[in-house]
Amino acid sequence: MRLVLVHPPLLAPVVFSRLAPLLEASGHEVAVPDLRAAVTTGPVDAWWQRAVSTLLAAMPDAEGVVAHSGAGALVPPLLDRLPRAGAVVLVDAVLPPAAGVHTTSPGVRAMVSDLAVGGVLPPWTSWWPPGVLEAELPDDGDRAALAQAAPELPVVFYDVDVPAPAGWEPAARSSLRLSPGYQAEADEAAARGWCVESLDGQHLDVLTRAPEVAAALQRLLPT
């Protein structure tokens, strides 16, 4: 398949640096657009339009979308403009509503408000208490690569609602849960008729356990 991989707004394409080559080795054509400029420049309320435009420019005839973490919010408006895309896999990701708008939860809004300094969020890699990121990313090089590439977003980023056009969910729709923090999303996906698979581990296993994630995507994507 022609696949576009969508990295989280808080991270960078490096999160797919091991996964993308594995998918390509399996025969897929893969695009991993860099969304950092789209989410950090221009009017904040239009960040998702810029991100979708960047993704479309990279692969306008994509047949499938793989989105990680907060990138799940972008999937409905992206699929709305990808006429050939009939498959999506949300990997430990936000699950947008079947119709309406995706909004940030009050809990997340409160958390980012506490983290912001002068209206700007520090890089995601610095959000956590000592030892947390080291446990998830034991390799010093991986942590350094993610920290160096992570953008700094304005806190009002989380006040922007992202549309979910009615009928955006494709026939081939799957949720791959990696961490306990996304169990609720996996449960809701199952309730909405999605195919759901779990690989018990960590949120950043797209990087640290790329072969296992790639194998799961092979099972979930249509052939």
Side-chain angles (χ1 to χ4, degrees), residues 1-9 11-36 38-39 47-99 102 162-178 182 185-186 188-190 192-199 205-207 209-223:
M1 296 184 70
R2 293 175 58 80
L3 297 174
V4 59
L5 273 55
V6 190
H7 71 80
L11 292 176
V14 67
V15 77
F16 292 134
S17 59
R18 296 192 183 107
L19 182 62
L22 292 173
L23 293 173
E24 289 172 337
S26 298
H28 300 289
E29 185 174 344
V30 178
V32 188
D34 189 340
L35 302 180
R36 287 174 293 177
V39 301
W47 76 265
W48 63 267
Q49 292 102 317
R50 294 191 299 272
V52 167
S53 295
T54 300
L55 294 162
L56 289 170
M59 188 175 275
D61 56 351
E63 298 164 312
V65 175
V66 176
H68 178 236
S69 192
L74 289 169
V75 171
L78 175 60
L79 288 177
D80 195 47
R81 295 181 61 188
L82 283 175
R84 294 188 61 187
V88 61
V89 183
L90 299 180
V91 182
D92 229 33
V94 165
L95 175 65
H102 166 74
V162 181
W168 71 267
E169 296 173 290
R173 53 193 190 272
S174 303
S175 171
L176 176 60
R177 183 192 65 78
L178 303 178
Y182 282 82
E185 283 79 1
E188 182 182 347
R192 282 164 48 180
W194 289 49
C195 178
V196 176
E197 185 169 327
S198 296
L199 288 177
D205 283 349
V206 288
L207 180 62
R209 295 169 64 199
E212 293 169 74
V213 173
L217 291 175
Q218 286 288 89
R219 293 191 294 270
L220 294 170
L221 289 165
T223 56

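Worth saying up front: this structure is predicted, and the values here are computed from it rather than measured.
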Indicate yes or no: at least one non-hydrogen side-chain atom of [X] is less than 4.5 angstrom from one of [Y].
{"X": "Arg18", "Y": "Leu207", "value": "yes"}
{"X": "Glu185", "Y": "Leu90", "value": "no"}
{"X": "Leu199", "Y": "Asp205", "value": "no"}
{"X": "Arg209", "Y": "Leu178", "value": "no"}
{"X": "Leu23", "Y": "Leu5", "value": "yes"}
{"X": "Val39", "Y": "Trp47", "value": "yes"}
{"X": "Pro77", "Y": "Gln49", "value": "no"}
{"X": "Met1", "Y": "Pro222", "value": "yes"}

Heavy-atom closest contact ([X] atom, [Y] atom, distance):
{"X": "Ala98", "Y": "Glu169", "answer": "CB-OE1, 3.5 Å"}
{"X": "Pro21", "Y": "Phe16", "answer": "CD-O, 4.1 Å"}
{"X": "Pro33", "Y": "Leu55", "answer": "CG-CD2, 3.6 Å"}
{"X": "Glu197", "Y": "Ala216", "answer": "OE2-CB, 3.8 Å"}
{"X": "Thr54", "Y": "Asp34", "answer": "CG2-O, 3.7 Å"}

Any donor-acceptor N/O pair, [X] side chain to [Y] backbone, under 3.5 Å:
{"X": "His7", "Y": "Leu35", "value": "yes"}
{"X": "Arg177", "Y": "Ser198", "value": "no"}
{"X": "Ser26", "Y": "Leu22", "value": "yes"}
{"X": "Arg173", "Y": "Val88", "value": "no"}
{"X": "Trp194", "Y": "Ala186", "value": "no"}

Quick one: [atom1] on [X] to [atom2] on [Y], what's the gap to the nearest 0.5 Å?
{"X": "Arg81", "Y": "Leu56", "atom1": "CZ", "atom2": "CG", "answer": "4.5 Å"}
{"X": "Glu188", "Y": "Ser175", "atom1": "CD", "atom2": "OG", "answer": "10.0 Å"}
{"X": "Ser174", "Y": "Leu221", "atom1": "OG", "atom2": "CG", "answer": "7.0 Å"}

Return all side-chain donor-acceptor pairs below 3.5 angstrom for residues 58-76, not counting sequence neighbours, or 'none' if the list is empty.
{"residue": "Asp61", "atom": "OD1", "partner": "Arg2", "partner atom": "NE", "Å": "2.8"}
{"residue": "Asp61", "atom": "OD1", "partner": "Arg2", "partner atom": "NH2", "Å": "2.6"}
{"residue": "Asp61", "atom": "OD2", "partner": "Arg2", "partner atom": "NE", "Å": "3.2"}
{"residue": "Glu63", "atom": "OE1", "partner": "Arg2", "partner atom": "N", "Å": "2.8"}
{"residue": "Glu63", "atom": "OE2", "partner": "Arg84", "partner atom": "NH2", "Å": "3.3"}
{"residue": "His68", "atom": "NE2", "partner": "His203", "partner atom": "O", "Å": "3.0"}
{"residue": "Ser69", "atom": "OG", "partner": "Tyr182", "partner atom": "OH", "Å": "3.4"}
{"residue": "Ser69", "atom": "OG", "partner": "His203", "partner atom": "NE2", "Å": "2.9"}

Pick from Val213, Asp92, Val196: which one makes a side chain to side chain contact (heavy atoms under 4.5 Å, CB included) with Leu176?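 So, applying the side chain to side chain contact (heavy atoms under 4.5 Å, CB included) to Leu176 and each of Val213, Asp92, Val196, only Val213 qualifies.
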Arg192 and Leu95: CA distance, side-chain angles, deciding distance, side chain to side chain contact (heavy atoms under 4.5 Å, CB included) verdict: CA-CA 11 Å; Arg192 282 164 48 180; Leu95 175 65; 3.6 Å; yes
